[in-house]
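A short worksheet on the structure shown next.
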Protein chains: 2
Amino acid sequence: MITIRDIANQAGVSVSTASRALNDNPRISAATRRRIQSLAARLGYVPNYNAKSLTRGEANVVGVVFPPSQSSTQGNPFFIDAMRGINRVLTQRQYVLSVAIGETSDDVLANVSAMVDQAKVKRFVLLYSHEDDPVADYLRLAGLRFVIVGQPSVSHDDDYVDNDNVAAGEAGATYLIDKLHANRPVFVSSAVDWPYEQNRRQGFKQVATKRGVPTAETQLPRADAPIASITEWLESHPNIDGILATDDLIGLSFYQRWQHVHPDAQVPLVSYNRSISLPLPNVNFHSIDLYPERLGAAAAELVFRKHSTEAGHENRIILPFEQLN
Amino acid sequence: MITIRDIANQAGVSVSTASRALNDNPRISAATRRRIQSLAARLGYVPNYNAKSLTRGEANVVGVVFPPSQSSTQGNPFFIDAMRGINRVLTQRQYVLSVAIGETSDDVLANVSAMVDQAKVKRFVLLYSHEDDPVADYLRLAGLRFVIVGQPSVSHDDDYVDNDNVAAGEAGATYLIDKLHANRPVFVSSAVDWPYEQNRRQGFKQVATKRGVPTAETQLPRADAPIASITEWLESHPNIDGILATDDLIGLSFYQRWQHVHPDAQVPLVSYNRSISLPLPNVNFHSIDLYPERLGAAAAELVFRKHSTEAGHENRIILPFEQLN
DNA sequence: CTGTTAGCGCCTTCAT
DNA sequence: ATGAAGGCGCTAACAG
């Protein structure tokens, strides 16, 4: 294994000069900097992260925090894609991605604080958020850098990266009404009614109102709940001719129900997340990609900039979603 | 921040004694060991991983490698759940989970080798495998410890953790035929036809043959392919009265198609992975849980034991899947 | 059973 | 613009 000493010797300079040169310290002349860097490259020098972290007092690690849950959360492909995006930028920064994941909020918090105390991790990306999240509270209190992917808590000025979910709701509604000719669309969300679902509903309603189209809305009960209610709902709303759902699986589930009640008809379905990579019989199915990989990448970039409380809001990033034509 | 020096001083011993005591080294008397450990606990001492890793020459990190892919892979909840299982055992071992993920095999390999070279990671869990996987080749060659979750490559004696997929196929078929009374079941797999799908098909066929039931099988084309073929297939197989699919989403997609062709009938569906946490109208839908979290946990345990090429095969772990009644 | 000592590889004052 | 030297926190020979 080749260390900074080796390259210092071979270059005929001191270790400290080599260190500075490799870290692009302007105190070293551009000439020797290049000389040493290319020598290092030629020798296949790779810095030892542990040694680096020890002296710096910070590990070159970004902690990625998953929402606490016993079983897999919905909207799953989102997380994997986001991780890929995060890792893409971490790699080029010579950083490593570590994850904190657990069943309960306490598990995750313990995981995170272990990273902080033992591994000296100082930057985090949260893949979720809700009010009074103990992990966010902890990070805030500890003065550590973190960025939220998704809807941030309203009572803090945390930095975040998100889509404009009102606009996403508008886009889905516009497509459903204008292109797929739905005159009586229904908006379907989960029983949890996440903030992003509320925003998309808002967008949906705005467009429908502007078009003079009546709106309907309902929520899909959880898997363990009786589903008769959906059937009832559908029977009391016989004219529904378009579905906008907050997630592909929710949409699909609702669509199934619809099909059951209206065996010989068809209804267009628009939803979000591109989580179904399989052919669906309904040719009028459209999933809006929210580009989670881009969200992840942007969050990772952001986590290397310092938190600014300025009015400029330069650390609140809104990214576009897929455009439908 | 309190270091090992502090506790050594307060305990009135040398740093090395403190170090040994904290690491449960038998060379230190049980008495002082307990004394020092409780002192450390009282003082809230946490070891610095970076310093530890530097001297040990190995980071207390396990690298978790995702299959290379541009977008989210199918069977997604599997990965998240597996990570949770892995992290559960890593936490109690004072280890941290880092992930390697990327679009191409080269990306992932670069990621892994950076972990190895720079971060001194020496243990890995692969969440996939196929023949001639460059990552596995690299790890094998470098003599690093790794465990595969899932079907291992046949041409090596890598350690792995997996379900018995033939048995899983049998279980699904048994349930479908005996309990749900399917007399003309169809086995549906993906267009990729992964090894685990082949195994489940084999189990399916064995049971069907034993029951004297005719078997049918087909594959679902990819999302971008024309799906007319499924309709054709269904029309030429009008008597299908049960579906066994290798994944919930595949099953659901196929079921949709079936429903389209047979609008007023019902058909039972059995598939794997518990990836749909939503109510489905079809009361005869049954998803077999493969317990990915347990697979992950077992893999993490295994990665701390050394690879044995002995005939005992103690490092090939087969875990049970959900039992249907 | 315990202490002394010498690093692990790197960064960073402090000199020059 | 570059060197020398100390130290980050911990482990592991080597002594005793």
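Naming: A, B, ... by sequence-line order, numbering from 1 per chain. What's counted below: heavy atoms across the whole structure, side chains too, no hydrogens, waters or symmetry copies.
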Would you say that more than 12 heavy atoms from the other residues, nucleotides or ligands in this model lie under 6.0 Å from the CZ of A:Arg140, or not?
yes
Given atom CD1 of B:Ile28 and atom C1' of C:dT2, what is their separation to the nearest angstrom?
6 Å
Between its two end axes (five pairs each) the helix from C:dC1-D:dG16 to C:dT16-D:dA1 turns, nearest 10 degrees, through 30°
So OG of B:Ser129 and CG of B:Asp132: to nearest 0.5 Å the spacing works out to 11.0 Å
Below 4.0 angstrom from OP1 or OP2 of C:dC11, is there any side-chain N or O of A:Asn23?
yes
Can you confirm whether A:Leu139 sits close enough to A:Phe124 that some side-chain heavy atom of one is under 4.5 Å from a side-chain heavy atom of the other?
yes
So what does A:Asn50 hit on the nucleic acid, given a heavy-atom distance under 4.0 Å: a base, only sugar-phosphate, or nothing?
nothing
Whole angstrom is fine here: how far is it from CD1 in B:Ile4 over to P in D:dG9?
12 Å
May I ask you to say what A:Thr32 touches in the nucleic acid, namely base, sugar-phosphate or nothing, with a heavy-atom cut-off under 4.0 Å?
sugar-phosphate
Value in whole Å for how far the P atom of D:dG9 lies from CG of A:Asp117:
14 Å
Report each atom pair, protein N/O against N/O of nucleotides 12-15 of chain C, whose distance is under 3.5 angstrom.
residue: C:dT13; atom: O4; partner: A:Arg20; partner atom: NH2; Å: 2.9
residue: C:dC14; atom: N4; partner: A:Arg27; partner atom: NH2; Å: 3.3

Nearest-angstrom distance from the residue atom CG of A:Asn48 to C1' of D:dC10
14 Å
Mark yes or no for whether A:Tyr160, through its side chain, and A:Ala299, through its backbone, hold a donor-acceptor pair below 3.5 Å.
no
B:Tyr196 vs B:Gln151, test: side chain to side chain donor-acceptor pair (under 3.5 Å). Steps then yes/no.
CA-CA 7 Å; B:Tyr196 65 81; B:Gln151 187 88 0; over 6 Å; no
May I ask you to check whether B:Tyr128 and B:Phe66 place their ring centres under 6.0 Å from each other?
no
Starting at NZ of A:Lys52 and ending at C1' of C:dC8, how long is that distance when rounded to a whole Å?
16 Å
Electrostatic pair A:Glu293:A:Arg84 at N-O distance under 4.0 angstrom:
yes
To the nearest Å, give me how far apart CD (B:Glu58) and P (D:dT11) are.
13 Å
Is B:Tyr49 touching bases, backbone alone, or none of the nucleic acid, heavy atoms closer than 4.0 Å?
nothing
Pairing of B:Asp159 and B:Arg145 as salt bridge, 4.0 angstrom limit
yes
side-chain N/O A:Thr3 vs C:dC8 OP1/OP2, d < 4.0 Å:
no
Check whether the ring centres of A:Phe304 and A:Tyr95 lie less than 6.0 Å apart, and answer yes or no.
yes
Measure CG/A:Leu54 against P/D:dC8 and give the value in whole Å, please.
9 Å
Minimum heavy-atom distance between A:Met83 and A:Leu97, given as atom pair plus value
O-CD1, 3.8 Å
Between A:Arg5 and B:Val13, name the one whose nearest nucleotide on DNA chain C is closer to the 5' end.
B:Val13
Name the closest nucleotide to the A:Ser29 side chain, picking from C:dC10, C:dC1, D:dA1.
D:dA1
Using atom CD1 of B:Ile2 as one end and atom P of D:dC10 as the other, report the distance to the nearest whole Å.
9 Å
